2 protein chains.
Amino acid sequence: EIVAAIEAVLVRDRPLAGRRALVTSGPTREALDPVRFISNHSSGKQGHAIAAALAALGADVTLVSGPVAVPDPQGVKVMKIESADQMLAACLDAGALDIAVCAAAVADWKAARPAAGKIKKKAGAPPPALELAPNPDILATLSKAGPKRPALVVGFAAETENVVANAIEKRGRKGCDWIVANDVSPATGTFGGERNTVHLITAAGTEDWPPLGKGDVAMRLAGRIAGHLAEAVRKQAAE
Amino acid sequence: EIVAAIEAVLVRDRPLAGRRALVTSGPTREALDPVRFISNHSSGKQGHAIAAALAALGADVTLVSGPVAVPDPQGVKVMKIESADQMLAACLDAGALDIAVCAAAVADWKAARPAAGKIKKKAGAPPPALELAPNPDILATLSKAGPKRPALVVGFAAETENVVANAIEKRGRKGCDWIVANDVSPATGTFGGERNTVHLITAAGTEDWPPLGKGDVAMRLAGRIAGHLAEAVRKQAAE
C-alpha cells in the first residue's frame with residue numbers, strides 16, 4: 001500500500017511535467033531479403049509500460065517501437081520502425097531530450113548485404129552464407145557527451161548469464177547513467193511475460209529489485225527518474 | 001452473389017464431413033541463441049482462413065501454427081510450434097489424413113549450431129559467423145508416395161519473382177498435387193495484408209484467380225478440395 005500511495009502522489013503531482021522523454025521498445029527486425037529477417041523475443045511490454053509511466057508522471061514522451069503486438073500507450077507519441085537503422089534515425093529526430101530510456105532489444109547485427117529478391121533454396125546446394133555487419137549502437141550514441149546529451153540516459157541489459165557483472169561492464173562501455181539489467185533466460189519467462197526481476201545499476205552501485213509486474217517496474221523506474229532529476233535541480237540551485 | 005450462393009450450399013452440405021485435414025500456417029522461428037531468431041513476415045492470416053474454411057465444410061481440421069497474432073479459428077484443433085523441426089514433428093503426429101495444406105512459411109534454413117547462451121557482442125570484434133543448415137522439407141515429406149500419403153497435398157509458393165514459373169517447378173520438385181502461388185513482394189502487401197492474388201497450379205495447368213480477400217481465397221480453395229475429393233470417389237465407384 002505504501003507503493004500505491006507513493007504512486008498516487010507522483011501521478012497527482014506530475015513531477016515530470018515539462019520534461020521531454022524518449023523511450024525505445026520492442027525488438028528490431030533486420031531484413032535478410034524481402035521475406036526473411038533476424039529478430040528477437042522482445043515483446044515491448046516493459047518498454048511500453050515505461051513510456052506510459054513517464055507520461056503518467058507528466059513527461060512529454062516519444063516512444064520509438066519495433067514491431068510488437070502490445071497496444072500503443074495512451075498520451076504518448078508513437079513512432080513505429082522495423083530496423084535498428086530506422087530506430088536510430090527516429091531517436092535522432094526526437095529533438096532535445098531530458099530523459100532517454102533505451103528498453104528496445106536492438107539487434108546487434110544486420111545482414112551485410114540484404115538481398116533485393118527472395119533468396120532461393122537450390123536443391124543440393126549448401127545453405128547461403130549469411131554475412132553479418134554491426135548495427136549502429138543507439139544507447140552509446142544517445143549517451144555521448146555533448147550539449148545535446150539528455151540529462152539522464154538509461155539503458156537495458158538483457159542477459160542470460162552473469163547478469164549483473166555483464167550489465168556493470170555495459171554501463172561503463174556505453175557511457176549511459178543507469179542500466180536496468182534483467183535475466184531473459186527462457187526459464188524466467190521475462191520475454192513476453194508479465195513480470196520482470198531487474199537490477200538497477202547506477203554510479204552508486206547495484207540495487208536488486210524484487211520480482212514485480214512490468215507495470216510496477218515501469219512506475220518504480222519513472223519515480224526514480226523523477227527523483228533523480230529533482231535532485232539535480234536542487235543541487236544546481238544550491239550551487 | 002453466385003459465389004456466396006455456392007458457399008452457402010457448401011457450408012450447408014458439409015462435403016468434407018468425415019475427412020481429416022492438416023493445415024500449417026504462419027512463420028517458423030529458428031533460434032540463433034535464447035533471444036535471437038530468424039523468421040519471416042508471414043502473418044498466418046491465409047493459413048488460418050483455410051483451416052477455418054475446411055472446418056466450415058465439415059472437415060476435422062488440425063492446424064499447426066507458428067507464432068502469429070491472429071486468433072485461433074473456431075472448431076479447429078490448434079497445435080502451436082516455433083521451429084520447422086517442431087512443425088514437422090507436429091505434422092507427423094497428426095495421424096491419418098485425407099488433406100494436407102502447407103500454407104506455413106517454413107524457414108528454409110536454421111542455425112547449424114544454435115548457441116546455448118546469448119551470443120555476446122564483443123567491442124572491436126567482427127560480427128559472429130552465422131552458419132546455416134537446411135531445415136526438414138515438410139511439404140516434400142507429406143507428399144512422399146506411400147500408403148499414408150494424404151489423398152491431396154497442397155503446397156504454397158511465396159515468391160517475389162517469376163511467381164508462376166517458380167511455383168510450377170516447385171510442384172514437380174516437392175511431389176505435391178497442387179501449389180497455391182502468391183507474390184509476396186512488399187509492394188503487393190500480401191504478407192500481413194487482408195487480400196491475396198493467387199495462382200492455382202495443378203496437373204491440369206495454371207489458374208489465375210482474381211484478387212480476393214484471404215477468407216474468399218480460403219473458401220474457394222476449400223470448395224475446390226471438396227470437389228476434387230468427391231470426383232475421386234466418383235471415379236473409384238465407376239471402376
Side-chain angles (χ1 to χ4, degrees), chain A residues 27 29-42 67-69 82 105-112 115-135 137 140 157-162 166 169-170 173-174 183-188 190-192, chain B residues 27 29-42 67-69 82 105 107-112 115-135 137 140 157-163 166 169-170 173-174 183-188 190-192:
Chain A
R29 285 181 178 172
E30 309 300 329
L32 303 178
D33 66 20
V35 304
R36 301 180 178 95
F37 55 80
I38 299 178
S39 192
N40 62 66
H41 290 287
S42 171
V68 295
E82 292 259 322
V106 181
D108 288 314
W109 304 287
K110 59 185 167 188
K118 185 181 174 190
I119 302 166
K120 300 290 296 175
K121 184 167 72 166
K122 295 200 184 77
L130 193 53
E131 199 189 327
L132 298 178
N135 259 327
D137 191 326
E159 303 286 347
T160 59
E161 294 156 320
N162 305 320
N166 278 331
E169 185 273 331
K170 182 172 183 173
R173 180 163 41 88
K174 302 283 186 176
D183 187 338
V184 296
S185 303
T188 64
T190 298
F191 264 154
Chain B
R29 284 181 178 173
E30 309 299 330
L32 303 179
D33 66 22
V35 304
R36 300 181 179 95
F37 56 80
I38 299 178
S39 191
N40 62 66
H41 289 288
S42 171
V68 295
E82 292 259 323
D108 289 313
W109 304 287
K110 59 185 167 188
K118 184 181 174 189
I119 303 165
K120 300 290 296 173
K121 185 166 72 167
K122 294 199 186 79
L130 192 54
E131 197 188 329
L132 299 178
N135 259 326
D137 191 325
E159 304 286 348
T160 59
E161 295 157 320
N162 305 320
V163 175
N166 279 330
E169 185 274 329
K170 183 172 183 174
R173 180 163 41 88
K174 301 284 187 174
D183 187 338
V184 296
S185 303
T188 65
T190 298
F191 265 155

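What you see is a predicted model, and the numbers here were worked out from it, not measured in a lab. Residue numbering restarts at 1 for every chain, and letters A, B, ... go by the order of the sequence lines.
- Heavy-atom pairs under 4.5 Å with chain A were tallied for B:V35, B:L32, B:L132; the largest tally goes to B:V35.
- The minimum heavy-atom distance between B:A115 and B:P34, with the atom names listed, is O-CD, 3.4 Å.
- Of all the heavy atoms in B:G117 and A:E161, the pair that sits closest is CA-OE1, 4.1 Å.
- For A:P186, the part lying under 4.5 angstrom from a heavy atom of chain B is the side chain only.
- For the residue pair B:N135 / B:E30, a side-chain donor-acceptor distance below 3.5 Å is found, with atom types taken as modelled.
- Using a 4.5 Å cut-off between heavy atoms, B:I119 touches chain A through backbone and side chain atoms alike.
- With a 4.5 angstrom heavy-atom cutoff, B:D33 does not touch chain A via any of its atoms.
- Only the side chain of B:E82 comes within less than 4.5 Å of a heavy atom in chain A; its backbone stays farther off.
- Judged purely by atom type and a 3.5 angstrom limit, B:T160 has no side-chain atom pairing as donor or acceptor with the backbone of B:V184.
- Proximity of a side-chain donor or acceptor of B:K118 to a complementary backbone N or O of A:A158 within less than 3.5 Å is detected.
- Residue contact with chain A, scored on non-hydrogen atoms closer than 4.5 Å, is absent for B:A112.
- Remark: side-chain polar atoms of B:D183 are not paired, donor with acceptor, to backbone N or O of B:V163 under 3.5 angstrom.
- Both the backbone and the side chain of B:P128 have a heavy atom closer than 4.5 Å to some heavy atom of chain A.
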